[in-house]
2 protein chains.
Amino acid sequence: MQSRIEQICSEKGLRMTDQRRTIAQVLSDSMDHPDVDLLYQRAITLDPNISIATVYRTVRLFEEANILEKHDFGDGRARYEEASNNHHDHLINIKNGEVIEFYNDEIERMKIKIAKELGYDLVDHRLELYATPTSVKEPSGDDGEIQ
Amino acid sequence: MQSRIEQICSEKGLRMTDQRRTIAQVLSDSMDHPDVDLLYQRAITLDPNISIATVYRTVRLFEEANILEKHDFGDGRARYEEASNNHHDHLINIKNGEVIEFYNDEIERMKIKIAKELGYDLVDHRLELYATPTSVKEPSGDDGEIQ
DNA sequence: TTATGTGCAAAGAGTTTGCCAGCTA
DNA sequence: TAGCTGGCAAACTCTTTGCACATAA
């Protein structure tokens with residue numbers, strides 16, 4: 001059966017190969033924000049012959065076709081997620097690298113407004129919050145916080 | 001005479017060498033957000049024997065001492081600016097790479113609030129607006145826009 | 001059939017590091 | 001002088017690319 005992303009590829013008229021189908025599958029199944037190496041690790045469980053160069057090429061192809069969004073969370077490698085119509089920003093849990101998506105309408109409006117006030121038209125933007133989980137404070141001494 | 005950043009180094013008790021003094025000078029004089037190579041180019045006009053490895057090491061030292069802030073504007077290399085107490089965000093003119101600093105109190109409050117609502121304490125954040133200059137629309141044809 | 005895609009290894013860009021001479025405190 | 005620092009080149013990480021072979025349409 002066609003994966004969600006493979007369907008989008010068909011609609012966009014991309015030539016489909018076994019490798020692209022595999023990578024589309026992996027991406028469709030990924031609920032996180034994997035980097036290229038992680039995609040590659042997942043892909044070779046489905047097709048051990050796939051090469052990391054192909055993952056790089058495919059991920060770029062998909063990004064240029066607006067199927068994927070590329071992110072950079074400051075760790076020196078690109079992360080990918082399926083492009084969606086509903087824009088969102090990211091909060092990165094710096095304790096474990098987990099990425100939480102959020103959307104705030106007021107912030108979105110502010111971004112456009114600020115650019116306009118500076119004499120610019122907003123083309124793209126990036127808001128990332130780096131944060132630690134709030135520890136639950138116990139009224140008496142030890143708050144049970146792990147580490 | 002001591003450059004502004006060299007003074008901060010002294011206050012922090014960093015061992016000062018000619019190379020570090022030169023780089024501190026270059027940084028103190030830089031009003032933009034230079035990358036390592038640009039700092040290196042500026043440094044070798046003051047001391048032709050300085051090596052780029054030293055620039056990398058010094059910039060990291062200064063960053064760890066909270067003398068510099070490191071940024072990543074998505075072009076694959078780190079950019080630096082003197083750390084300041086007044087936080088600001090950046091708008092990047094994608095036509096020419098120019099970086100404009102701005103501060104918006106409401107946005108700052110929103111960042112903290114959003115993190116809190118998700119159950120996190122904000123540690124750091126990054127907001128970048130990528131934008132093009134608003135072209136002045138002339139009612140009749142040519143609007144005089146350059147390029 | 002023919003333009004395109006893939007695998008492999010080499011090349012690139014940015015950054016870090018091992019080693020030893022040189023300098024700071 | 002004792003230990004930190006700098007220069008140089010090699011190494012590292014992530015990513016791209018040239019080439020010959022394979023494949024989708």
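By convention in this document, chain letters (A, B, ...) are assigned in the order of the sequence lines, proteins followed by strands, and residues within each chain are numbered from 1.
Residue-to-nucleotide proximity on DNA chain D shows that, of Asp37(A) and Arg57(A), the 5′-proximal contact is made by Asp37(A). Where Tyr56(B) and Arg21(B) each meet DNA chain C at their nearest nucleotide, the meeting point lying more 5' is that of Tyr56(B).
One interatomic measurement links the two molecules: CD1 of Ile52(A) to C1' of dA9(C), which rounds to 14 Å at whole-angstrom precision. Across the protein-nucleic acid pair, Gln19(B) atom CD and dC8(D) atom P stand 11 Å apart, rounded to whole Å. In this structure, CG of Asp18(A) is placed 15 Å from P of dA22(D), rounded to the nearest angstrom.
Note on Ile50(A): only backbone sugar-phosphate atoms sit closer than 4.0 angstrom, heavy atoms only; bases stay farther off. Within the 4.0 angstrom heavy-atom criterion, base atoms lie near Arg15(A).
Side-chain contact, Glu128(B) with His125(A): no donor N or O sits under 3.5 Å from an acceptor N or O.
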Pairs under 3.5 Å (Watson-Crick or G-U), crossing ones as [ ], inter-strand ones as |: DNA chain C comes out as |||||||||||||||||||||||||
Tell me, with the steps shown, if Glu101(B) and His33(B) meet side chain to side chain donor-acceptor pair (under 3.5 Å). CA-CA 10 Å; Glu101(B) 302 179 348; His33(B) 300 71; 3.1 Å; yes
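If you run side chain to side chain contact (heavy atoms under 4.5 Å, CB included) between Ile67(B) and each of Leu27(B), Leu61(B), Val59(B), Leu14(B), only Leu14(B) comes through.
Here the two rings, on Phe73(A) and His90(A), have centers that are under 6.0 Å apart.
The residues Asp89(A) and Lys111(A) are annotated as salt-bridged, a charged nitrogen and a carboxylate oxygen being separated by less than 4.0 angstrom.
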